[in-house]
Structures are given as C-alpha cells and as structure tokens.
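Because only heavy atoms are used, hydrogens play no part in the values below, and waters and symmetry mates are left out as well, while side chains stay in.
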Amino acid sequence: MTTHPTTVLEGIIAYPVTPFSQTDGSLDLDRLTTLIDRLIVDGCHAVAPLGSTGESTYLDDAEWYAVAEASVAAVAGRVPTVVGIADLTTRSAVRRARFAEQAGADVVMVLPLSYWRLDEAEVVRHYTAVADAIGIPVMIYNNPATAGIDLPPELIHRLVREVENITMVKESSGDLQRMHRLTQLSDGALPFYNGSNPLALAAFAAGAAGWCTAAPCLIPELTLELHRAVRAGDLDGAREVFHRQLPVLQFLLRGGLPRTVKAGLALRGLDVGVPREPLLPLDPERTAQLARLLADSAG
C-alpha cells in the first residue's frame, strides 16, 4: 500500500455516540450528523466515531458501514476523522479498515478484541494485517479493561518501529507510567493520546499529544479550555479548569459512557435515544445527579 504516515492528531479528539431512533431503535443518522457538527463548531480538533462510546460492537455490519460513511460525510474534511475498528477477527477488522479508508477516514484506531487471550505474535499479526491493507495511519488502542488484552509499551513501540503506518497510540489503561515509558522508548518521537478521562491533566503534563474523550458531547468548553491552558503553559489555569470538570469526568467513567453521554445529551437538548440492549438507559436518579454535576461545572 502507499502509506500516508504523516497525519498528526493534536488536541481534543471527540467521541460521538451513535444515535438510535426512539421508536424502533434503528440508526438515526440525521442526529449523528447534528452531533458531529456541534462537536466541530464547538472547536474540537478531530472526531472519532465508532469507539466504545459509539457502541460499535452493538452494530451489525450494515449499521457499522452506515455510521462510518455518515460520520466522514458529516465531518466533511473540517477536522480529521478517526474511525474505530474493534473486531474479534482479523478478516473483519481488515474489511472495516478498508471501508473506512475508502469512505474518507484520515486515521483508523484499532482495538484488538478476543475471546481467547492473544499472545504477542497474534497481536502483531493482527495489527500488521490491518496496517498492510490500508494506506492511512493506524492508531494502536490499548484498553485492557474493555478488550481483555493489555498491550505493554514495549510491544506498542515494536509495532510502531516495524510497521510504517502504525504511527500513534491511544493509551487507556489508566496507568500514567505507560505514557512515560512510551516517551522513553521512542525518545519522545511517538505521539500518544490519553483515553482515561480522570488522567487528562496528568497526561497532558506527561506530553500527551491529545485527549480522546466523549466529554465534549457535554462539556466542550471545559475540555477545550484545559487544552488551551496546557498549550499556553498556564498550569494554574489548567488545574482550575480540570478540577471544575473532574466530577463530570468521574461520573461518565463510573456510569458507562453510552448511557451517561446519551442522558447528558438529552439534558443538553439533543435526544439521541437510549443505548442498545443489553445496555440500559441511565435511571432517573442518576440522570438528576448528572444534571446537577453539569450545572456545577458550568460555574
């Protein structure tokens, strides 16, 4: 493949939910377009559909393709589009990565999933097969809590070193030392992105190139202000704006992103339906708690 490994992401990478119809649970692509447009107008630096926030593993193939295509169309080249790829089989991951590239995605973010625990050779083969099948950059996604597979920094660095268009990593283990180790192994050359919301301030301080988060769906001004403060070297300001949003970030993490973000979007006037079963919507008591937290964060 002809690769384009120079695409660089920086800043706030926003994760939209996948809206479903209130009547029959089908995709609501019009509301997806509305949400993505809102994220871009609010100032987010990239949009990443079909992550865990987007309930990608709960979509059938036709739905997944429709969301990928509609998301790229909604972004319309205004910022980079990062399409999430998480599948049990390498064959399906390759097929989806090729579709994302053809649809116009700028980057694919690959999370290995497996019922059986994969060894290092299997992880390497999976990532290499996906990367070799496309010509756009690949972001390694390490999230052992959801995938059941932990990618140590040494393995990540090996993949980046050996495969031309594997060029970046989203680290969501919640272990800040992983980020320091990635910097150490690559002499600071490997862009890494924080995927653990409560670590946002510490990750930026550790040199994260960006923050991959669903929080901009609900509190875009706070996430963007944190990034601006960090870039300006305003540590006191960064601390202040981070601690204003921390209760919301903690709530989103504890409550499960699809249900909490969808409830929060409804509170913000954009009804995107409920999560797909077996996930359940946020109950009234916790929805009221989220409403209070959002009000408090607004100051």
K.L.:
Do side-chain atoms of Asn165 reach the backbone of Ala131 as a donor and acceptor pair under 3.5 angstrom?
P.N.:
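A pair under 3.5 Å: yes.
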
K.L.:
Could you state whether Ile140 and Leu118 fall into the same hydrophobic cluster, counting links through intermediate Ile, Leu, Val, Met, Phe, Trp or Tyr residues with side-chain heavy atoms under 4.5 angstrom apart?
P.N.:
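Cluster IDs for Ile140 and Leu118 match.
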
K.L.:
Any carboxylate oxygen within less than 4.0 angstrom of a Lys/Arg side-chain nitrogen, looking at Asp87 and Arg95?
P.N.:
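Looking at Arg95 together with Asp87, the answer is no, because their closest N to O distance does not fall below 4.0 Å.
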
K.L.:
Can we say Arg181 and Glu171 salt-bridge, meaning some charged N sits less than 4.0 Å from an Asp/Glu carboxylate O?
P.N.:
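Here Arg181 does not pair with Glu171 in a salt bridge, since their nearest N and O are not under 4.0 Å apart.
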
K.L.:
Test of understanding: clusters of I, L, V, M, F, W, Y form through side-chain heavy atoms closer than 4.5 Å, transitively. Do Val67 and Leu257 belong to the same one?
P.N.:
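In one cluster with Val67: Leu257, no.
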
K.L.:
Using modelled atom types only, decide if a donor and an acceptor are shared between the side chain of Gln245 and the backbone of Leu222 within a distance under 3.5 Å.
P.N.:
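Yes, the answer is positive, given that a donor and an acceptor are paired below the 3.5 Å cut-off.
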
K.L.:
Would Arg178 and Ile156 satisfy side-chain contact (heavy atoms from CB on, under 4.5 Å), going step by step from the backbone distance to the final call?
P.N.:
CA-CA 10 Å; Arg178 300 287 187 99; Ile156 291 170; over 6 Å; no

K.L.:
Using side-chain contact (heavy atoms from CB on, under 4.5 Å) as the criterion, point out the one residue from Pro275, Pro19, Cys217 that pairs with Lys262.
P.N.:
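Testing each of Pro275, Pro19, Cys217 against Lys262, the sole residue satisfying side-chain contact (heavy atoms from CB on, under 4.5 Å) is Pro275.
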
K.L.:
Taking atom CZ as the centre, does Arg91 end up with more than 12 heavy-atom neighbours from other residues, nucleotides or ligands that are less than 6.0 angstrom away?
P.N.:
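Open: at most 12 neighbouring heavy atoms sit under 6.0 Å from CZ of Arg91.
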
K.L.:
Measure from the side-chain N and O atoms of Thr81 to the backbone N and O of Gly77, and report whether any donor-acceptor pair falls under 3.5 Å.
P.N.:
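Looks like no, no N/O pair under 3.5 Å.
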
K.L.:
Which value, rounded to the nearest 0.5 Å, describes the distance between Met109 atom CE and Cys212 atom SG?
P.N.:
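One gets 6.5 Å once the value is rounded to the nearest 0.5 Å.
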
K.L.:
Should the heavy atoms of other residues, nucleotides or ligands under 6.0 Å from CZ of Arg286 be counted, would the total exceed 12?
P.N.:
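Yes.
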
K.L.:
Would a 4.5 Å heavy-atom cut-off, applied to side chains only, mark Leu226 and Trp211 as touching?
P.N.:
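A side-chain contact exists here, since the closest heavy-atom pair is under 4.5 Å.
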
K.L.:
With heavy-atom distances below 4.5 Å as the criterion, would you say the side chains of Arg161 and Arg158 are in contact?
P.N.:
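The answer is yes, as the side chains (C-beta and beyond) meet within the 4.5 Å cut-off.
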
K.L.:
Under a 4.5 Å side-chain heavy-atom rule over Ile, Leu, Val, Met, Phe, Trp and Tyr, are Phe251 and Ile219 clustered together?
P.N.:
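Same hydrophobic cluster.
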
K.L.:
Cationic tip of Lys170 within the cone over Tyr141's six-membered ring, i.e. under 6.0 Å and within 45° of the normal?
P.N.:
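Flagged: Lys170 positioned over aromatic ring of Tyr141.
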
K.L.:
Taking atom types as modelled and ignoring hydrogens, do the side chains of His243 and Arg239 form a donor-acceptor contact shorter than 3.5 angstrom?
P.N.:
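Note: His243 and Arg239 side chains miss the donor-acceptor criterion.
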
K.L.:
Distance check, rounded to the nearest 0.5 Å: Tyr127 atom OH versus Asp132 atom CG?
P.N.:
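Those atoms lie 14.5 Å apart.
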
K.L.:
Please check if the side chain of Ser56 supplies one atom and the backbone of Ser52 the other of a donor-acceptor pair under 3.5 Å.
P.N.:
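No, the answer is negative, given that no donor and acceptor are paired below the 3.5 Å cut-off.
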
K.L.:
Leu293 and Gln250: side-chain contact (heavy atoms from CB on, under 4.5 Å), yes or no, with the steps?
P.N.:
CA-CA 10 Å; Leu293 292 173; Gln250 292 168 327; over 6 Å; no

K.L.:
Between Val17 and Pro258, is there a side-chain heavy-atom distance shorter than 4.5 Å?
P.N.:
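Side chain of Pro258 against side chain of Val17, heavy atoms only: no contact under 4.5 Å found.
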
K.L.:
Same cluster for Ile40 and Leu270 if Ile/Leu/Val/Met/Phe/Trp/Tyr side chains link at under 4.5 Å?
P.N.:
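No, Ile40 does not connect to Leu270 through the hydrophobic network.
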
K.L.:
Can Val108 and Val82 be said to form a side-chain contact (heavy atoms from CB on, under 4.5 Å), step by step?
P.N.:
CA-CA 5 Å; Val108 293; Val82 183; over 6 Å; no

K.L.:
In terms of ring plane angle, is the pair His227 and Phe204 parallel, tilted or perpendicular, where the classes change at 30° and 60°?
P.N.:
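Geometry flag for Phe204 against His227: tilted rings.
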
K.L.:
Check for me, please, whether Leu39 and Leu32 land in the same ILVMFWY cluster - side-chain distances under 4.5 Å, paths through other members count.
P.N.:
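Different clusters: Leu39 never reaches Leu32 through Ile, Leu, Val, Met, Phe, Trp or Tyr contacts under 4.5 Å.
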
K.L.:
Where do Leu113 and Ile149 come nearest, in terms of heavy atoms and distance?
P.N.:
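Scanning both residues completely, I find the closest heavy atoms to be C-CD1, 4.1 Å.
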
K.L.:
About how many Å separate OG1 of Thr57 and CH2 of Trp64, when rounded to the nearest 0.5 Å?
P.N.:
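With rounding to 0.5 Å, CH2 (Trp64) is 12.5 Å from OG1 (Thr57).
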
K.L.:
Do Asp119 side-chain atoms and Ala121 backbone N/O form a donor-acceptor pair below 3.5 Å?
P.N.:
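Answer holds: yes.
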
K.L.:
Between Thr260 and Leu290, which heavy-atom pair has the shortest distance, and what is it?
P.N.:
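Shortest heavy-atom separation between Thr260 and Leu290 comes out as O-CD2, 3.4 Å.
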
K.L.:
Can you tell me how far CD of Glu122 sits from CZ of Arg117, rounded to the nearest 0.5 angstrom?
P.N.:
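The CD atom of Glu122 is 11.5 Å from CZ of Arg117, to the nearest 0.5 Å.
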
K.L.:
For residues Cys44 and Ala14, report the shortest heavy-atom separation together with the two atoms involved.
P.N.:
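Scanning both residues, the minimum pair turns out to be SG-CB, 3.7 Å.
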
K.L.:
For Leu252 and Ala215, work out which heavy atoms get closest and say how close.
P.N.:
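Closest heavy-atom pair between Leu252 and Ala215: CD1-CA, 4.3 Å.
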
K.L.:
Give me the atom names and distance for the closest heavy-atom approach of Ala105 to Val72.
P.N.:
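Scanning both residues, the minimum pair turns out to be N-CG2, 4.0 Å.
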
K.L.:
Can you find a heavy atom in the side chain of Ser186 that is under 4.5 Å from one in the side chain of Val160?
P.N.:
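Side-chain contact under 4.5 Å: no.
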
K.L.:
Would a 4.5 Å heavy-atom cut-off, applied to side chains only, mark Leu27 and Leu59 as touching?
P.N.:
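Yes; the side chains approach each other to less than 4.5 Å.
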
K.L.:
Compare all side-chain heavy atoms of Arg78 with those of Asp37 and state whether any distance is below 4.5 angstrom.
P.N.:
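They are in side-chain contact.
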
K.L.:
Measuring from atom CD of Gln177 to atom CG of Leu182, what distance do you get when rounded to the nearest 0.5 angstrom?
P.N.:
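Going from CD on Gln177 over to CG on Leu182, the span is 11.5 Å.
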
K.L.:
Assess whether a salt bridge exists between Arg96 and Asp61, defined as any Lys/Arg side-chain N lying under 4.0 Å from an Asp/Glu carboxylate O.
P.N.:
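Looking at Arg96 and Asp61, the cut-off is met.
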
K.L.:
Does the side chain of Leu159 come within less than 4.5 Å of Val124's, by heavy atoms?
P.N.:
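With C-beta onward as the side chain, the pair touches.
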
K.L.:
Hey, does Leu190 have a side-chain heavy atom less than 4.5 Å from the side chain of Leu185?
P.N.:
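Of all side-chain heavy-atom pairs linking Leu190 with Leu185, none is under 4.5 Å.
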
K.L.:
Closest heavy-atom contact between Val123 and Leu151?
P.N.:
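Looking at all heavy atoms of both residues, the shortest contact is CG1-CD2, 3.7 Å.
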
K.L.:
How long is the gap from OG on Ser297 to CG on Leu246, to the nearest 0.5 Å?
P.N.:
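Interatomic distance, Ser297 OG to Leu246 CG, rounded to 0.5 Å: 11.5 Å.
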
K.L.:
Is it true that the side chains of Asn142 and Ser173 contain a donor and an acceptor less than 3.5 Å apart?
P.N.:
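Their side chains do not contain a donor-acceptor pair, so the 3.5 Å distance test is not met.
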
K.L.:
Output yes when a side-chain donor or acceptor of Arg259 lies under 3.5 Å from a complementary backbone atom of Leu280, and no otherwise.
P.N.:
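Between the backbone of Leu280 and the side chain of Arg259 there is a qualifying donor-acceptor contact (under 3.5 Å).
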
K.L.:
Run the side-chain contact (heavy atoms from CB on, under 4.5 Å) check on Val83 and Phe99 step by step: do they pass?
P.N.:
CA-CA 10 Å; Val83 172; Phe99 184 90; over 6 Å; no

K.L.:
Can Arg244 and Glu225 be counted as an ion pair, charged N to O under 4.0 angstrom?
P.N.:
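Here Arg244 does not pair with Glu225 in a salt bridge, since their nearest N and O are not under 4.0 Å apart.
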
K.L.:
Any sub-3.5 Å donor-acceptor pair from Glu69's side-chain atoms to Ala66's backbone N or O?
P.N.:
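Here the side-chain-to-backbone pair does not exist.
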
